[in-house]
Amino acid sequence: MIAADGTIRHDWTIDQIVAVHDLPFLELVGRANAVHRQHHDPNKVQKASLLSIKTGGCPENCAYCPQSAHHREVDLTRDRLMEPAKVIAMAAIAKAAGAERFCMGAAWRQVRDGHEFDAVIEMVEGVRSLGMEACVTLGMLKAHQAERLAAAGLTAYNHNLDTSPEFYGRIITTRTYEDRLDTLATVRAFGIDLCCGGIIGMGETIRDRASMLHVLAGMDPHPESVPVNALVPVEGTPLAKRPRIDPLDLVRMVATARLVMPASTVRLSAGRSALNREAQILCLVAGANSVFYGDTLLTTPNAGIGEDAELFAAIGEPERTCTPASAA
Ligand code: SAM
Ligand code: DTB
Ligand code: SF4
């Protein structure tokens, strides 16, 4: 049968990944949970906070994205790059609310040298000096820019494949899959962790989902972090009318990602606000071990902090339920 036994492998075939994905549901979740427990603390869920540091007006035409300048019908206010001091203050607030990682997103096609990139470097340094992990997603970047980000202490760079190589052309035509892979290789070359995943619910097949996981699992090492997003259909984008996915499809995707990349952090990302508490917990059982935390993602609503308090109370967060050192 399929050797999804927790061994780190880079030679998965698409057919094997489809076979894993299509296992009977309880078998799949059971196996994913067993592999998850081999590699991770089953009680630990990392909270990552997201902030859009530069919003809208992006020259790329990603069909799902409210920030693309091509989708003129979207109701979104463009915003210039935020001031570093403001961003760092927001990171401190997120830390106080329990976030361990702070992720900053800019609606850029690529990084350009100059005062804006200098400001991003200052943001990364500021977030790191708070003792938080820092992640940025800025589009494509060049070697000397990755080098500067690494020197600033950047923990991870987020750059998603979004979907399979086969389906990609139906979603984005302004940049190629190869461009994405080149950026990922550049990031890797400077020792920055990769945060790389994709979106389900855009009209792709199960084989497309497996094919995207095949590209990710073929990377050596695997991306340290793999965000699994469910499409948030936004009015005014070409994918606005896509139906929401069945939550159990998201569970299957999470479980499959866990089985083919046993040691990576699997992040339950966009689309969480459409899941009830129990569906989210099922994703955590199936191997997700991080969530985006905070009322908004980049431009769309996330699961609220209030609902998340209920979620975390239900699963019993060890670090919160233990007696704080100061009171011992
Ligand atoms: N411009 C940069 C880039 O694309 O590399 C960074 C920002 S971009 C918004 C980051 C990721 O958010 C995208 O790659 C995509 O996977 C995800 N995303 C954007 N809009 C989404 C939506 N409506 N639903 C789900 N995921 C979305
Ligand atoms: C990722 O994979 N998902 C996050 C983060 N990386 C940058 C972004 C989700 C964006 C959802 C749509 C929005 O809020 O604009
Ligand atoms: Fe631009 Fe990123 Fe949105 Fe694509 S996903 S339109 S690159 S902000």
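Whatever order the structure lists them in is the order used to number ligands and atoms, beginning at 1.
- Around atom CG of Asp75, no more than 12 heavy atoms belonging to other residues, nucleotides or ligands sit under 6.0 Å away.
- Using bins of under 30°, 30° to 60° and over 60° for the plane-to-plane angle, the ring pair Tyr157/His159 lands in the tilted bin.
- Applying the 4.0 Å criterion to heavy atoms of Asp162 picks out, from ligand 1, the atoms 13 (C), 14 (O), 15 (C), 16 (O).
- For atom 3 (Fe) of ligand 3, protein N, O or S atoms closer than 2.8 Å were enumerated as Cys65 SG, with waters left out.
- At a heavy-atom distance under 4.0 Å, atoms from both the backbone and the side chain of Thr300 approach ligand 2.
- Taking every non-hydrogen atom of Ala106 and a distance limit under 4.0 Å, the qualifying atoms of ligand 1 come out as 1 (N), 2 (C), 6 (C).
- Across Leu138, Ile199, Leu239, heavy-atom proximity to atom 26 (N) of ligand 1 is greatest for Ile199.
- Below 4.0 Å from some heavy atom of Leu298 lie the following atoms of ligand 1, by number and element: 9 (C).
- Of the heavy atoms in Asn229, only side-chain atoms (C-beta onward) come closer than 4.0 Å to ligand 2.
- Evaluation of the ring pair (Phe, Tyr, Trp, His ring centres under 6.0 Å) test over residues 83-109, restricted to residues two or more places apart or in two chains, returns none.
- Contact annotation: Gln110 has no heavy atom less than 4.0 Å from any atom of ligand 1.
- Look at Gly271 and you'll find every heavy atom at least 4.0 Å from all atoms of ligand 1.
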